[in-house]
Amino acid sequence: MIAAGNVAPQYNHETRKTMSNSLTLSAKEVDDKIAAGVPYVIRLMVPSGEEITFTDLIRGEVTVNSSLVDDKVLLKSDGMPTYHLAHIVDDVLMEITHAIRGEEWLPSAPAHILIYRFLGWESSMPQYAHLPLLLKPDGNGKLSKRDGDRLGFPVFPLDWQDPVTGEKSSGYRERGYYPEAFVNMLAFLGWNPGTEQELFTMEELIQHFSFEHVHKAGARFDPEKAKWFNEQYLRMQTPEALANRLRPVVKSKYNLGDDDIKISSDYLVKAVTLLKDRVQFESELIEKGSYLFQAPDVYDEQVLAKKWKPELAGFFNELIENLSSLAEFSSITIDTVIKGTAATSGIKPGEIMQLLRVFVSGQGAGVDLIGMLELFGKNEVVDRLNKALKKVN
RNA sequence: GGCCCGUUCGUCUAGGGGUCUAGGACAUCUCCCUUUCACGGAGGAAACACGGGUUCGAUUCCCGUACGGGCUACCA
């Protein structure tokens with residue numbers, strides 16, 4: 001089993017007879033070489049023409065003829081074991097019951113079975129399960145870390161920098177995926193519960209998982225579905241929890257004081273409630289809802305070009321006045337005032353609703369308008385309206 | 001190239017001889033809701049790779065072909 005090996009293509013039961021190794025050299029020659037410090041490796045001597053059968057929990061019985069298995073290196077010339085030897089020793093010492101790994105290990109599994117056998121450890125051999133691989137969303141081949149940054153989704157759980165190449169890869173956590181969503185999404189790539197339930201907690205996953213329901217073919221990764229899982233978990237968060245996590249972000253982004261109303265629980269919870277069902281990530285709360293925390297400086301040009309007419313100034317001034325005189329500033333009273341003012345001015349609500357939204361938020365589309373006005377409160381709304389009117393006139 | 005594993009809507013998949021007119025989800029399309037955009041609701045389009053068997057009957061079992069994936073390192 002000892003070979004003075006360099007690069008050796010196809011080192012197996014056939015070719016080893018033609019190589020310089022402990023099988024072809026005399027015992028003395030071998031001893032001399034070792035004594036002389038000639039580097040060597042120790043290989044597994046695979047028998048020829050033997051059927052090796054093992055049970056894979058996912059694929060059932062797999063049979064391979066040993067002649068097809070090559071003489072794997074077990075101990076490298078530096079004395080370190082290869083994975084082939086190491087994982088077996090580890091697993092036996094740790095009393096591992098199930099060896100679950102990717103399908104790329106399937107071809108070397110027969111060699112592993114042989115090692116257990118030769119070591120007399122067959123009775124402590126774990127059960128093997130070879131999981132299907134994750135494939136690229138586009139093109140061919142298995143998913144690799146490069147695909148992630150190329151296509152804009154993470155591949156690793158956490159941000160990671162290759163210590164050798166210095167190459168950086170973004171992680172799920174840093175991209176804002178909930179750990180629960182990540183686990184749930186991953187579990188469904190290749191496995192399914194056999195029911196129509198898709199959202200599983202870790203406890204449910206542990207309870208329901210079974211190898212029989214693992215699909216055999218590789219699964220093409222779908223970034224859209226991954227986002228969908230996160231969206232589902234975001235929906236499950238309470239507005240209070242989201243508000244608490246949003247507070248420091250809003251505070252520092254807009255440089256707010258500790259007692260600023262915009263980071264009060266009341267304001268934040270209402271803002272989050274308005275935003276919650278429109279986003280997939282917590283980071284979008286502030287990206288898509290920035291106008292809830294800061295009055296706009298720019299106003300949607302397209303909407304303005306299409307809807308704004310100088311004649312409307314009178315109406316908006318009147319609206320500001322009517323809103324100002326409101327004793328109770330609630331969605332019901334706000335709604336009534338807007339419709340009422342429009343009616344007395346002979347203006348259809350359709351003409352001014354979107355303008356109102358743009359004046360107050362800068363954007364042509366967004367969260368519920370009336371709810372947003374109520375959230376702002378009377379003074380803020382009046383201020384924003386005056387500011388906007390000054391700008392468009 | 002050789003060997004191993006696989007193949008149901010665009011994608012993830014259910015289904016394991018008749019109940020399949022093949023189910024769900026993501027994505028997509030239409031409509032409703034909403035004086036916005038989303039969300040939500042309703043509906044639509046969309047698949048058993050192909051060829052041989054076996055069988056009264058194959059998406060389901062067997063074989064072949066095609067295609068896909070993996071392995072083929074003193075890496076895991």
Side-chain angles (χ1 to χ4, degrees), chain A residues 3-12 39-43 56 58-60 62-65 67-70 72-87 101-111 130-143 185 187-199 212-229 231-232 235 274-280 284 288 300 303 307 335 338-339 342 348-358 361 363-370 372:
Chain A
N6 282 325
V7 256
Q10 297 297 100
Y11 195 115
N12 58 28
Y40 64 93
V41 298
I42 296 183
R43 287 179 182 269
D56 181 278
I58 295 167
R59 286 148 218 284
V62 179
T63 302
V64 177
N65 191 290
S67 299
L68 270 10
V69 180
D70 56 6
K72 302 244 178 270
V73 171
L74 298 181
L75 279 176
K76 301 190 269 186
S77 57
D78 64 2
M80 290 294 284
T82 59
Y83 168 84
H84 301 299
L85 211 214
H87 97 270
R101 44 156 50 164
E103 194 186 348
E104 71 262 39
W105 288 108
L106 205 47
S108 51
H130 292 92
L131 263 19
L133 263 19
L134 262 34
L135 274 21
K136 293 180 197 295
D138 63 342
N140 303 139
K142 63 175 171 177
L143 186 65
M185 176 274 292
F188 266 69
L189 251 18
W191 173 81
N192 77 85
T195 65
E196 278 169 14
Q197 183 183 348
E198 291 204 89
L199 268 13
E212 296 79 66
H213 275 105
V214 176
H215 203 243
K216 296 182 183 73
R220 205 174 276 277
F221 179 74
D222 181 2
E224 290 306 315
K225 191 80 181 252
K227 289 183 200 162
W228 178 83
F229 273 109
E231 182 184 327
Q232 301 310 307
R235 299 272 173 88
L274 246 23
L275 250 15
K276 194 176 185 274
D277 287 348
R278 328 170 59 86
V279 300
Q280 296 181 302
E284 290 178 290
K288 293 197 172 175
D300 190 310
V303 176
K307 300 261 184 177
D335 195 40
I338 295 172
K339 297 219 169 102
K348 289 195 209 92
E351 294 180 63
I352 50 88
M353 290 305 260
Q354 202 180 12
L355 274 176
L356 183 54
R357 169 184 296 285
V358 170
S361 75
Q363 301 183 6
V367 302
D368 176 60
L369 177 58
I370 306 296
M372 169 164 65

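Numbers restart at 1 for each chain; the letters A, B, ... are given by sequence-line order, proteins then strands. Atoms considered below: every heavy atom in the structure, side chains included; atoms not considered: hydrogens, waters and symmetry mates.
- Here the side chains of Leu75(A) and Met80(A) are not in contact, with every heavy-atom distance at 4.5 Å or above.
- Note on Lys72(A): nothing from the nucleic acid sits closer than 4.0 angstrom, heavy atoms only.
- Here Lys76(A) reaches the OP1 or OP2 of C75(B): one of its side-chain N or O atoms lies under 4.0 Å away.
- Using N1 to N3 plus N6-O4 or O6-N4 for Watson-Crick, or N1-O2 and O6-N3 for G-U wobble, each under 3.5 Å, G64(B) pairs with C50(B).
- Going from atom CG of Leu74(A) over to atom P of A76(B) covers 12 Å, rounded to whole Å.
- Here the separation of C48(B) from U13(B), taken at their C1' atoms, is 13 Å to the nearest Å.
- For Ile352(A), the side chain to side chain contact (heavy atoms under 4.5 Å, CB included) partners two or more places apart in sequence, or in a different chain, are Leu312(A), Phe315(A), Phe316(A), Ile338(A), Ile347(A).
- At least one side-chain nitrogen or oxygen of Lys142(A) sits closer than 4.0 Å to the OP1 or OP2 atom of C71(B).
- As rounded to the nearest Å, C9(B) and G15(B) have P atoms that lie 16 Å from one another.
- Nucleotides G23(B) and G44(B) have their P atoms positioned 11 Å apart, rounded to a whole Å.
- Contacts of Glu104(A) classified as side chain to side chain contact (heavy atoms under 4.5 Å, CB included), with partners at least two apart in sequence or in another chain: Leu133(A), Lys142(A).
- Atom CG in Asp78(A) sits roughly 18 Å away from atom P in A73(B) (whole-Å rounding).
- Listed for the Glu351(A) side chain is a donor-acceptor partner under 3.5 Å among the backbone atoms of Lys348(A).
- As a whole-Å value, the separation of Glu224(A) CD from U11(B) C1' is 11 Å.
- Side-chain N or O atoms of Thr82(A) include one that pairs as donor or acceptor with a backbone N or O of Val73(A) at under 3.5 Å.
- Looking only at distances, no side-chain donor or acceptor of Glu231(A) sits under 3.5 Å from a matching main-chain atom of Lys227(A).
- Comment: Lys72(A) engages Asp70(A) in a salt bridge, judged by a side-chain N to carboxylate O separation of less than 4.0 angstrom.
- Separating the NZ atom of Lys216(A) from the C1' atom of C5(B) is a distance of 11 Å, rounded to the nearest angstrom.
- Counting any heavy atom pair closer than 4.0 Å across all strands shown, Tyr83(A) reaches a base atom.
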Contact letters for nucleotides 61-67 of chain B, in which S counts primed atoms plus P, OP1 and OP2 and B counts the base, heavy atoms under 4.0 Å:
-------
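- Proximity of Asn140(A) to the phosphate of G69(B): a side-chain N or O atom is located under 4.0 Å from OP1 or OP2.
- Within the 4.0 angstrom heavy-atom criterion, only backbone atoms of the sugar-phosphate kind lie near Gly141(A); the bases stay farther away.
- Aromatic ring orientation, Phe188(A) versus Phe229(A): tilted (interplanar angle from 30° to 60°).
- Side-chain proximity of Pro107(A) to C4(B), G69(B), C71(B): nearest is C71(B).
- Residue Glu103(A) places its side chain closer to C5(B) than to any other of C5(B), C12(B), U36(B).
- Taking Ile58(A) as the reference, Asp56(A), Ala129(A), Leu131(A), Phe211(A), Val214(A), Lys216(A) meet the side chain to side chain contact (heavy atoms under 4.5 Å, CB included) condition, with sequence neighbours excluded.
- Note on Arg357(A): a base of the nucleic acid sits closer than 4.0 angstrom, heavy atoms only.
- Here, A45(B) and G52(B) have their C1' atoms 33 Å apart, quoted to the whole Å.
- Residue Ser77(A) is classed as a base contact, given a heavy-atom separation below 4.0 Å to a base.
- Listed by chain and residue number, Tyr291(A), Leu292(A), Arg357(A), Val360(A), Ser361(A), Val367(A), Leu369(A), Phe376(A) satisfy the side chain to side chain contact (heavy atoms under 4.5 Å, CB included) test with Met372(A) (two or more places apart in sequence, or in another chain).
- Pairing for C71(B) is with G2(B), a Watson-Crick or G-U wobble pair whose two hydrogen-bonding atom distances lie under 3.5 Å.
- Base pairing of G16(B) is not made with any nucleotide, judged by Watson-Crick or G-U wobble geometry with both donor-acceptor distances under 3.5 Å.
- As rounded to the nearest Å, U59(B) and G17(B) have C1' atoms that lie 10 Å from one another.
- Among the atoms of the strands shown, none is found under 4.0 Å from any heavy atom of Lys348(A).
- Comparing G10(B) with A47(B), their C1' atoms are spaced 10 Å from each other, to the whole Å.
- In summary, the side chains of Arg101(A) and His130(A) do present a donor paired with an acceptor at a separation below 3.5 Å, with no hydrogens or angles considered.
- Partner assigned to G10(B) is C26(B), using Watson-Crick or G-U wobble distances below 3.5 angstrom.
- Side-chain N or O atoms of Lys225(A) include none that pairs as donor or acceptor with a backbone N or O of Met185(A) at under 3.5 Å.
- Taking side-chain N and O atoms only, Arg235(A) has a distance below 4.0 Å to OP1 or OP2 of G40(B).
- Here the closest non-hydrogen pair linking Gly364(A) and Asp300(A) is N-OD2, 3.7 Å.
- In this structure, CG of Asp277(A) is placed 9 Å from C1' of G40(B), rounded to the nearest angstrom.
- Spacing between atom CG of Leu75(A) and atom C1' of A73(B) amounts to 16 Å, rounded to whole angstrom units.
- For Gly366(A) and Arg59(A), each mapped to the nucleotide of RNA chain B holding its nearest heavy atom, the one lying further toward the 5' end belongs to Arg59(A).
- Nucleotides G41(B) and G24(B), compared at atom P, are 14 Å apart to the nearest Å.
- Note: NE2 (His215(A)) to P (G16(B)) measures 13 Å, nearest angstrom.
- In this structure, C39(B) makes no Watson-Crick or G-U wobble pair, since no nucleotide meets both defining distances under 3.5 angstrom.
- When the C1' atom is used for both G51(B) and C67(B), the distance is 14 Å, rounded to whole Å.
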Per-nt protein contacts along nucleotides 20-25 of chain B (heavy atom under 4.0 Å; B base, S backbone sugar-phosphate only, - none) come out as ---SSB
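- Nearer to the 5' terminus of RNA chain B, by closest-nucleotide assignment, is the contact made by Leu68(A) (compared with the other of Leu68(A) and Gly218(A)).
- Comparing U36(B), C74(B), U72(B) by their closest approach to the side chain of Asp70(A) singles out U72(B).
- As a whole-Å value, the separation of Trp105(A) CH2 from C5(B) C1' is 16 Å.
- Using a 4.0 Å cut-off, some side-chain N or O of Arg43(A) falls inside it from OP1 or OP2 of C74(B).
- Between His213(A) and G16(B) there is no side-chain polar atom (N or O) within less than 4.0 angstrom of OP1 or OP2.
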